Amino acid sequence: MTVHLHWFLPTGGDGRTLVDRHAYTDGGIKRSRVTPVSGVRAPDIDYLTQIAKAAEQLGFEAVLTPTGTWCEDAWLTTAALSQHTDRLKFLVAFRPGVISPVLAAQMAATYQRITRGRLLLNVVTGGDSTEQRRFGDRLDHDRRYARTDEFLSVVRGVWSGKPYDFDGEHYTIEGGLTALPPDPLPEIFFGGSSAAAGPVAARHSDVYLTWGEPPEQVKQKIDWIRGLAEQEGRTVRFGIRLHTISRDSSADAWATANRLLDDLDADTVAAAQQALGRSESVGQQRMLALHGGSRDKLEISPNLWAGVGLVRGGAGTALVGSHAEVADRIEEYHALGIEHFVLSGYPHLEEAYWFGEGVIPDLATRGLLPRIPAAPLSAGPAANGRPGPAPGRAPLLVAGGR
């Protein structure tokens, strides 16, 4: 079992700070209690293309795009980026409650033809009622998961290429059809830590995705979902969503983590924690419990740092350390049964290179990758014996101390 590495597309903006450009006060509409953020990189297509090209060149298999009020639409953005990349897959996040399942199945089929099979699906049921209501969704937490169960049943049904009927509480479909089913069928990534989420994941997910908790807690989740899947007669694979701060030395990595903390004032953290505490997501509550809103003891497991979750919703932990230490932690999670690692870092362009040039070669030498990715600057020598240009005619840059 080898490791699948994925990166993240910051379609809500990027920068050198953990402070989101959108405030956590008043549902993100006002910014009165949050320190203004400078140096934010807009998520325009040129910058996102840089990240996508870097991820592809460094050997990442796919990139995850988020969904929600504060980011660009994942379907449209990644369809555009697919025209600037060759092999990179796109893990497109979307919410079942705001789109017809038959239309979603059709969109996925079209996407596969446009990109020649580079679509993965990340189904986000949603854990914040305020956010859901912005999209016209008024179901409570557990009913949203019941609807997702039906939604995925319909999607898989209409992918059969034959008329499909479904009569449920949330959807009634008569002769639902995707005339040209996607080829290959996109893998479905699905997360959820609640009692309502587990059975849905067991019935429908190809990859169950968890946020980065300590290994013993991740193992409990794997055992839980694996047991539910066995009851359904299915096998589910597993993935984890983490940030990374990987450097040439452990000291340098922790210095970077501490600098990110230095950018956070008490009011910013308090506003974020207040907003995140209102989430109905069990996974979000588990993230908050890892640090309790305190800056003390943020290394909750060796090289696992909960500082990101002081202000960021969703994935709130990072692997921090030397390249070898980060590879150690990935190997540890892999031994538990984790195959897919969906990673990110601030800023996403630079951190992709830190991880790709530092950790990926280490993982390859350990036999955790199917092959050693070609180095971005591994073009052959020019006629004069000096290093040739990188693929794509990029200039060759030589620097020390990366």
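Given the structure is predicted, the values throughout are model-derived calculations rather than measurements.
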>> Checking Arg143 against Asp137 for the salt bridge (charged side-chain N to carboxylate O under 4.0 Å, His left out) test, could you report, in this order, the C-alpha distance in whole Å, the side-chain angles of both residues, the deciding distance, and whether it holds?
In response: CA-CA 11 Å; Arg143 291 181 68 204; Asp137 182 9; over 6 Å; no
>> Would you say that more than 12 heavy atoms from the other residues, nucleotides or ligands in this model lie under 6.0 Å from the CZ of Arg116, or not?
In response: no
> With the threshold set at 4.0 Å, does a side-chain nitrogen-carboxylate oxygen contact exist between Arg41 and Asp46?
Replying inline: no
> Just checking, any donor-acceptor pair under 3.5 angstrom between side chains of Arg241 and Ser344?
Replying inline: yes
> Side chain of Arg234, backbone of Ala229: donor and acceptor closer than 3.5 Å?
Replying inline: no
> Less than 4.5 Å apart, any side-chain heavy atom of Arg147 and any of Tyr171?
Replying inline: yes
>> Treating Arg295 as the side-chain partner and Leu261 as the backbone partner, does any N or O pair qualify as donor plus acceptor under 3.5 Å?
In response: yes
> Is a side-chain donor-acceptor pair under 3.5 Å present for Tyr111 with Thr78?
Replying inline: yes
> Tell me, which pairs form a ring-ring contact (aromatic ring centres under 6.0 Å, His included) where one or both residues lie in residues 172-211, sequence neighbours left out?
Replying inline: Phe189-His340
> Hey, is the main chain of Gly212 close enough, under 3.5 Å, to the side chain of Thr317 for a donor-acceptor pair?
Replying inline: yes
> What closest approach, in Å, do Asp248 and Ser322 show between heavy atoms, and which atom pair accounts for it?
Replying inline: O-CB, 4.3 Å
>> Do Ser250 and Glu325 pair up side chain to side chain, a donor and an acceptor below 3.5 Å, judged on atom types alone?
In response: yes
>> Taking Glu187 first and then Lys89, would you say they form a salt bridge - that is, a charged N and a carboxylate O separated by under 4.0 Å?
In response: no
> Run the salt bridge (charged side-chain N to carboxylate O under 4.0 Å, His left out) check on Glu332 and Arg329 step by step: do they pass?
Replying inline: CA-CA 5 Å; Glu332 182 179 11; Arg329 300 288 77 78; 2.9 Å; yes
> Any sub-3.5 Å donor-acceptor pair from Glu56's side-chain atoms to Arg87's backbone N or O?
Replying inline: yes
> Does Val236 reach the side chain of Arg226, with side-chain heavy atoms less than 4.5 Å apart?
Replying inline: no
> Do Glu299 side-chain atoms and Trp305 backbone N/O form a donor-acceptor pair below 3.5 Å?
Replying inline: no
> Is Glu213 paired with Lys219 through a side-chain N to carboxylate O contact shorter than 4.0 Å?
Replying inline: no
> Side-chain contact, heavy-atom cut-off 4.5 Å: Leu18 with Asp263?
Replying inline: no
> Counting only N and O atoms by type, is there a donor-acceptor contact under 3.5 Å from the side chain of Glu61 to the main-chain atoms of Leu88?
Replying inline: no
> Distance-only, no hydrogens or angles: does the Lys221 side chain make a donor-acceptor pair with backbone N or O of Ser193 under 3.5 Å?
Replying inline: no
> Under the 3.5 angstrom rule, does the side chain of Gln285 hit a backbone N or O of Ser279 as a donor-acceptor pair?
Replying inline: yes
> Between His348 and Asp14, is any side-chain donor less than 3.5 angstrom from a side-chain acceptor?
Replying inline: yes
>> What I'd like to find out is whether the side chain of Leu290 reaches to under 4.5 Å of the side chain of Pro214, using heavy atoms alone.
In response: yes
>> Given 3.5 Å as the limit, does a donor-acceptor pair link the side chain of Asn122 with the main chain of Val92, or not?
In response: no
> Counting distance only, does the side-chain N/O of Gln132 pair as donor-acceptor with the main-chain N or O of Leu139 below 3.5 Å?
Replying inline: no
> What pair of heavy atoms forms the shortest contact from Trp159 to Pro186, and how long is it?
Replying inline: CH2-CD, 3.6 Å
> Just wondering, are more than 12 heavy atoms of other shown residues or ligands nearer than 6.0 Å to CZ in Arg138?
Replying inline: no
> What residue pairs, at least two apart or across chains, pass ring-ring contact (aromatic ring centres under 6.0 Å, His included) with a residue in residues 217-252?
Replying inline: His243-Tyr346
> Tell me, do Ile330 and Leu363 make a side-chain contact under 4.5 Å, heavy atoms counted?
Replying inline: yes
